[in-house]
2 protein chains.
Amino acid sequence: MDTAPGRDTRWLTPEEQRVWRAYLHAVTLLEDHLDRQLQRDADMPHVYYGLLVQLGEAPERRLRMTELAKQAKITRSRLSHAVSRLEKNGWVRREECPDDKRGQFAVLTDAGYEVLRRTAPGHVEAVRQAVFDRLSPEQQKSLGEIMQIVAEGLQPKEAGADLPWLR
Amino acid sequence: MDTAPGRDTRWLTPEEQRVWRAYLHAVTLLEDHLDRQLQRDADMPHVYYGLLVQLGEAPERRLRMTELAKQAKITRSRLSHAVSRLEKNGWVRREECPDDKRGQFAVLTDAGYEVLRRTAPGHVEAVRQAVFDRLSPEQQKSLGEIMQIVAEGLQPKEAGADLPWLR
DNA sequence: GCGCTGTTGTTTAACCTTCAAGGAGATGCC
DNA sequence: GGCATCTCCTTGAAGGTTAAACAACAGCGC
């Protein structure tokens, strides 16, 4: 990977520093804001809410643990803890996988769906107020492209994704 | 604050959803990446590293706790815990404030400065590889503007900041 | 079948963050 | 001065996250 930082570090220029600081500030403020909003209205952190959303969109409102972890960009360990908590709340239920006895499904319960239905509007509104209402259409487009690029760069590559002849 | 979500929620359009998902993915992947990088190379999470940076840039490498918390966008409580931890590592030291006996200074020690000097290049390189190397100059500029706007919208306003005649 | 390797999901303990509460000193007002 | 109130910072408990180790199983070659 040749990352060994030698004598010649490519420091950030003043302009790059401004961009980076702005990014850090925006991201931490926004995550804080949304976390508080959801903690107040739905009694759970943002990440947990995201899990319910993913399940709500999945066929039959169920996903294998690993698949859910992948979609939510969290570790399986973290997901395991999270689901345990959501299970206690009655929002999610675990089910065994008939095909693979190691496997577990996380299933969104009716109560979980109800919570989602009740709290989604407030959450969307919060996102709108904090982000979309403040950006021009061009900026929104730009933001999407930029984030897409950054995410792709960090995504653990699919096997053979860049070696199509191996598939 | 008329946020009461009535029957008429302004849902995100499909395009807005794509932008928002891309944002969430990028941000969580990036934060994870940097956290791991720093945990490995500097034995501390990203936020703690940020504290050392702020102190390193401050005059005399010292800041009042509240000021540091404000700059780092974290709560005083969190900062208090964090400084305790950094103090155990010998990277930061607390000092009393002569002017205000309630006050405390957080001071970057020589050892702390040394850690910073040693690990900064690797961190900058990680940020570069994940972000700046992948974006065009226009995109970098755009990112800065967008994040600036979002951050300002969430920033707790300074007293009278939008009422200049009151200052 | 048997063993090998990799996957799936959980667990433990250490660590970090949050929230609510509180001590101690400053500030202002009478 | 006396009192209320505010600010600065800390604390402890509850809860969330992480890394590492683990048990159970699947897939595969033999």
Side-chain angles (χ1 to χ4, degrees), chain A residues 28-29 31-40 42-51 62-89 91-107 156 158-159, chain B residues 28-29 31-51 62-89 92-107 156 158-159:
Chain A
T28 65
L29 288 171
E31 187 55 21
D32 261 40
H33 182 65
L34 296 181
D35 254 338
R36 261 184 250 291
Q37 185 262 321
L38 282 169
Q39 195 69 56
R40 178 165 51 75
D43 191 37
M44 63 184 138
H46 190 194
V47 182
Y48 288 28
Y49 177 87
L51 296 176
R62 76 182 51 215
L63 282 173
R64 286 286 295 270
M65 294 292 280
T66 294
E67 185 56 27
L68 180 51
K70 212 169 290 175
Q71 290 189 19
K73 264 76 190 167
I74 64 177
T75 63
R76 290 190 306 266
S77 168
R78 186 174 176 181
L79 177 61
S80 192
H81 287 291
V83 167
S84 299
R85 198 274 215 185
L86 291 171
E87 220 173 1
K88 268 181 209 151
N89 283 296
W91 312 149
V92 169
R93 153 172 43 92
R94 278 186 234 245
E95 267 181 32
E96 304 200 343
C97 175
D99 307 347
D100 186 338
K101 293 198 177 170
R102 297 167 303 180
Q104 292 273 103
F105 280 104
V107 187
E158 288 296 320
Chain B
T28 64
L29 287 171
E31 187 55 22
D32 262 38
H33 183 64
L34 296 181
D35 255 338
R36 263 184 252 290
Q37 184 263 321
L38 282 169
Q39 196 70 54
R40 179 165 50 74
D41 298 349
D43 191 38
M44 63 185 139
H46 190 194
V47 182
Y48 288 28
Y49 177 87
L51 296 176
R62 78 183 49 217
L63 281 173
R64 287 285 296 267
M65 295 291 279
T66 295
E67 184 56 26
L68 180 50
K70 212 169 289 177
Q71 290 189 18
K73 263 78 189 166
I74 63 176
T75 62
R76 282 180 307 234
S77 169
R78 186 175 177 181
L79 177 61
S80 193
H81 287 294
V83 167
S84 299
R85 197 275 215 184
L86 292 171
E87 219 173 2
K88 269 182 207 151
N89 283 297
V92 168
R93 155 173 39 94
R94 278 185 233 244
E95 267 181 33
E96 303 201 342
C97 175
D99 308 347
D100 187 337
K101 293 197 177 170
R102 296 166 304 179
Q104 292 274 103
F105 280 103
V107 188
E158 289 296 322

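Within every chain, numbering begins at 1; the chains are lettered A, B, ... in the order of the sequence lines, protein sequences first and strands thereafter.
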Can you list the residues that meet the salt bridge (Lys or Arg N to Asp or Glu O under 4.0 Å) rule with Glu96(A), with sequence neighbours excluded? none
Kindly calculate the angle separating the two end axes of the helix from dG1(C)-dC30(D) to dC30(C)-dG1(D), each obtained from five base pairs, and round it to 10 degrees. 20°
Rounded to the nearest Å, what distance is computed from the CE atom of residue Met44(B) to the C1' atom of nucleotide dT17(C)? 18 Å
Which is true for Phe105(A) with a 4.0 Å heavy-atom rule: it touches a base, it touches only sugar-phosphate, or it touches nothing? nothing
Among all residues two or more places apart in sequence or in another chain, which pass the salt bridge (Lys or Arg N to Asp or Glu O under 4.0 Å) test with Arg36(B)? Asp32(B)
Name the one of Ile74(A), Leu63(A), Val92(A) that satisfies side-chain contact (heavy atoms from CB on, under 4.5 Å) with Leu51(A)? Ile74(A)
Looking at Arg64(A), I'd like to know whether one of its side-chain N or O atoms comes within less than 4.0 Å of OP1 or OP2 on dG9(C). yes
What is the nucleic acid contact for Arg40(B), judged by heavy atoms within less than 4.0 Å: base, sugar-phosphate only, or nothing? nothing
Would you name the heavy atoms of Ser80(B) and Arg94(B) that are closest together and state the gap between them? O-NH2, 3.5 Å
Name all residues meeting the ring pair (Phe, Tyr, Trp, His ring centres under 6.0 Å) criterion together with Tyr49(B); count only those two or more places apart in sequence or in a different chain, and write none if there are none. His123(B)
Taking only heavy atoms on the protein side, list every residue of residues 79-89 of chain B lying under 4.0 Å from any atom of DNA chain D, sorted numerically. Ser80(B), His81(B)
Grab the two heavy atoms, one from Phe105(B) and one from Pro98(B), that are nearest each other, plus how far apart they are. CE1-CD, 4.3 Å
Among all residues two or more places apart in sequence or in another chain, which pass the side-chain hydrogen bond (donor to acceptor under 3.5 Å, both in side chains) test with His46(B)? Glu31(B)
Check salt bridge (Lys or Arg N to Asp or Glu O under 4.0 Å) between Asp43(B) and all other residues, then give those that pass, not counting sequence neighbours. none
Tell me, please, the opening and closing nucleotides of DNA chain D, 5' to 3', among those with an atom under 4.0 angstrom from a non-hydrogen atom of chain B. dT7(D) to dA19(D)
Minimum heavy-atom separation for Arg64(B) and Cys97(B), please, with both atom names. NH1-SG, 3.4 Å
Could you walk me through whether Val47(B) and Arg78(B) satisfy the side chain to side chain contact (heavy atoms under 4.5 Å, CB included) test, starting with their C-alpha distance in whole Å, then the side-chain angles of each, then the deciding distance to 0.1 Å, before giving a yes or no? CA-CA 10 Å; Val47(B) 182; Arg78(B) 186 175 177 181; 3.3 Å; yes
Please identify each residue that fulfils side-chain hydrogen bond (donor to acceptor under 3.5 Å, both in side chains) with Asp35(B), with sequence neighbours left out. none
Toward the 5' end of DNA chain C, by each residue's nearest nucleotide, Asp35(A) or Arg78(A): Arg78(A)
When the distance from CG of Asp43(B) to C1' of dC15(C) is rounded to whole Å, what number comes out? 11 Å
Under the salt bridge (Lys or Arg N to Asp or Glu O under 4.0 Å) rule, collect the residues that match up with Glu67(A), sequence neighbours excluded. none
Arg76(B) CZ to dC16(C) P, in whole Å, measures 22 Å
Between Thr66(A) and Arg36(A), which is nearer to the 5' end of DNA chain C once each is assigned its nearest nucleotide? Thr66(A)
Qualifying residues under side-chain hydrogen bond (donor to acceptor under 3.5 Å, both in side chains), relative to Thr66(B), sequence neighbours excluded: none
Taking protein heavy atoms under 4.0 Å as touching, what does nucleotides 20-28 of chain C look like 5' to 3' if B marks base contact, S marks sugar-phosphate-only contact and - marks none? ----BBS--
